[in-house]
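Let me begin by presenting the structure, written as structure tokens, before commenting on it.
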There are 2 protein chains.
Amino acid sequence: MPTILIVDDEEDIRELIAVNLLREEDYKLLEAVNGLEALHLAKTRRPDVIILDLMLPEMDGLTVFRNLREDPRTKSTPVIMLTARGRLEEKITGLELGADDYLAKPFSPKELMLRVRNLLRRTNPNQGGSVIESGPFSLDKNALKLHLEGEAIDLTATEFKLLLCMIESPGITQERGDLLKKVWGYSDLIQTRTLDTHIKRLREKLGNHGNSIETVRGVGYRFFEA
Amino acid sequence: MPTILIVDDEEDIRELIAVNLLREEDYKLLEAVNGLEALHLAKTRRPDVIILDLMLPEMDGLTVFRNLREDPRTKSTPVIMLTARGRLEEKITGLELGADDYLAKPFSPKELMLRVRNLLRRTNPNQGGSVIESGPFSLDKNALKLHLEGEAIDLTATEFKLLLCMIESPGITQERGDLLKKVWGYSDLIQTRTLDTHIKRLREKLGNHGNSIETVRGVGYRFFEA
DNA sequence: GCGGCCCGTTACGGTTTTGTCACCGCAGAG
DNA sequence: CTCTGCGGTGACAAAACCGTAACGGGCCGC
């Protein structure tokens with residue numbers, strides 16, 4: 001889930017942005033009301049995009065921006081600048097410094113949202129959830145590995161698909177038929193012990209977390225963060 | 001050298017853009033005056049960014065854009081839309097379709113140039129030379145050589161293409177089918193050991209760095225900076 | 001034509017993965 | 001408590017997958 005940092009000292013603008021962003025997409029929002037807070041959040045939480053109002057108390061927005069660009073952790077984080085001042089010169093300055101976009105207030109919230117979306121899509125095309133987190137578990141789609149308490153556990157392709165199905169919706173019981181269809185492409189009504197076997201193998205690999213996979217007798221299986 | 005395609009039927013505007021772009025940076029320019037020409041150029045010459053005026057004779061700019069997005073060759077080419085019409089709704093439509101930027105005429109040529117520059121920097125960070133860097137590896141597209149710890153390793157054309165595919169996105173698993181398609185143009189489902197053979201040859205050439213190419217069983221291969 | 005390089009293919013073998021089966025324990029209904 | 005059917009478990013054999021060596025054809029410079 002992409003993380004967005006909004007830096008603005010006007011609460012109503014933050015609200016406006018937040019409402020519009022959250023309405024259509026699933027973003028995680030961080031908010032900062034001044035430069036120092038912004039820098040701290042940006043460097044510790046590593047947002048995927050930063051929306052930066054240039055009009056800030058104490059520290060100027062451009063100063064914040066330069067500071068961001070100097071730190072390796074935030075050097076290449078996309079930044080969209082907002083400003084009440086619509087003067088061309090400022091815009092040029094902002095873009096010259098390397099801002100990825102520049103909007104003058106009043107702006108259309110929908111436009112901002114679309115620009116954020118397009119920017120995100122271009123910046124991390126591989127994001128799309130290459131790592132799935134759930135409690136102490138994190139699934140790495142690329143390495144086909146499960147990270148758990150610092151350890152990396154190798155999973156086979158099938159095991160991975162199976163675990164993914166369950167971990168995607170923790171606490172929800174996945175019916176046998178659905179799992180067979182999703183992982184193996186089998187039809188609903190086929191009768192096989194394959195599923196059981198793989199569940200067992202998964203539980204083994206999960207070690208003492210094996211009981212995170214709960215059996216729902218007569219229905220299917222259920223995953224929950226132990 | 002980044003290639004830019006300018007699509008506009010007004011000569012003076014093309015001129016304006018061209019002069020401003022060429023002044024500060026070294027770009028290669030392509031020009032098209034209508035939709036068909038634009039599509040043809042985009043798909044054969046593969047520009048790094050497209051500047052598209054929406055007001056075109058015969059074929060509407062938005063139609064051109066949709067057509068671009070449907071072809072795999074131009075699907076992810078950044079597009080900046082230009083328009084004389086400054087209506088908000090049009091802007092929203094353009095952005096909604098996935099335009100990377102949208103400027104209303106009259107625009108500041110300098111602003112356009114900066115936006116192009118920033119977009120290019122984000123799109124292909126490894127541009128600016130035919131050398132691709134990744135950790136201790138650096139690939140020279142012209143010489144077909146891999147530089148590693150001071151040594152220059154000769155690669156054959158195929159080996160180079162293959163390594164390039166993987167090194168472009170470190171840590172991301174490249175599926176067998178995708179590699180076969182990208183490097184050899186084979187269809188997905190073909191079964192061959194050619195890929196394996198070349199992976200082996202690459203690993204040999206990489207010497208003790210050979211394990212930078214990790215096999216993800218049942219999926220494909222994955223490169224990471226060891 | 002000759003030799004060398006590059007490339008795709010093939011065959012083979014080792015290892016991992018996977019599906020099935022038989023057997024067993026146990027939960028839940030009666 | 002007993003019975004029954006579902007799920008757990010371990011073993012096993014087939015299949016899938018990958019690494020590797022070797023082969024032969026095409027291409028090019030000489």
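Predicted model, so just to flag it, every value in this text is computed and none were measured. Chain identifiers are assigned alphabetically (A, B, ...) following the order of the sequence lines, protein sequences preceding nucleic acid strands; residue numbering begins at 1 within each chain. Side-chain atoms are counted along with the backbone in the values below, which use heavy atoms only and exclude waters and symmetry mates.
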- Can you name the nearest heavy-atom pair linking B:L41 to B:P47, along with the distance?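 Minimum heavy-atom contact is O-CD, 4.2 Å.
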- Task: Measure across B:L82 and B:D53 and return the closest heavy-atom pair with its distance rounded to 0.1 Å.
- Result: O-OD1, 3.3 Å
- Report the residue from B:H198, B:K205, B:R201 that forms a side chain to side chain donor-acceptor pair (under 3.5 Å) with B:E159. B:K205
Find the distance [X]:[atom1] to [N]:[atom2] and express it as a whole number of Å.
X      : N      : atom1 : atom2 : answer
A:L144 : D:dC17 : CG    : C1'   : 14 Å
A:I213 : D:dG8  : CD1   : P     : 10 Å
A:I199 : D:dG8  : CD1   : P     : 8 Å
A:D154 : D:dC17 : CG    : P     : 18 Å

- Sugar-phosphate only, base, or nothing, as touched by A:T158 at under 4.0 Å among non-hydrogen atoms: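 Contact class for A:T158: sugar-phosphate only.
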Check: protein-nucleotides 24-30 of chain D nitrogen or oxygen pairs below 3.5 Å:
none

- Note on the structure: Sorted by position of nearest nucleotide on DNA chain C, 5' first, the leading residue of A:T192 and A:L155 is A:L155
- Starting from the 5' end of DNA chain C, give me the residue, A:E159 or A:R193, whose nearest nucleotide shows up first. A:E159
- Query: When the C1' atoms of the five terminal pairs at each end define the local axes, what inter-axis angle does the helix from C:dG1-D:dC30 to C:dG30-D:dC1 show, to 10 degrees?
  - Reply: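 For the helix from C:dG1-D:dC30 to C:dG30-D:dC1, the axes at opposite ends meet at about 30°.
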- Those residues that, when tested against B:D9, pass salt bridge (Lys or Arg N to Asp or Glu O under 4.0 Å) (two or more places apart):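 Listed in chain order: nothing, the list is empty.
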- Query: Within the structure, does a side-chain N or O atom of A:Y221 lie under 4.0 Å from either OP1 or OP2 of D:dC6?
  - Reply: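 Answer is no, no contact under 4.0 Å.
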- Query: Is the phosphate of D:dC6, meaning OP1 or OP2, less than 4.0 Å from a side-chain N or O of A:R176?
  - Reply: no
- Does any donor-acceptor pair link the side chain of A:R203 with the base of D:dG8 at a separation under 3.5 Å? no
At a cut-off of 3.5 Å, list every protein nitrogen or oxygen paired with a nitrogen or oxygen from nucleotides 2-5 of chain D, distance to 0.1 Å.
residue, atom, partner, partner atom, Å
D:dG5, N2, A:R217, NH2, 2.8

- Query: Under a criterion of less than 4.0 angstrom to any heavy atom of chain B, what are the 5'-terminal and 3'-terminal contacting nucleotides of DNA chain C?
  - Reply: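 Counting from the 5' end, contacts occupy C:dC6 to C:dT17.
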Give me the distances for all protein-to-nucleotides 10-14 of chain D N/O pairs that come in under 3.5 Å?
residue, atom, partner, partner atom, Å
D:dG10, OP2, A:K200, NZ, 2.8

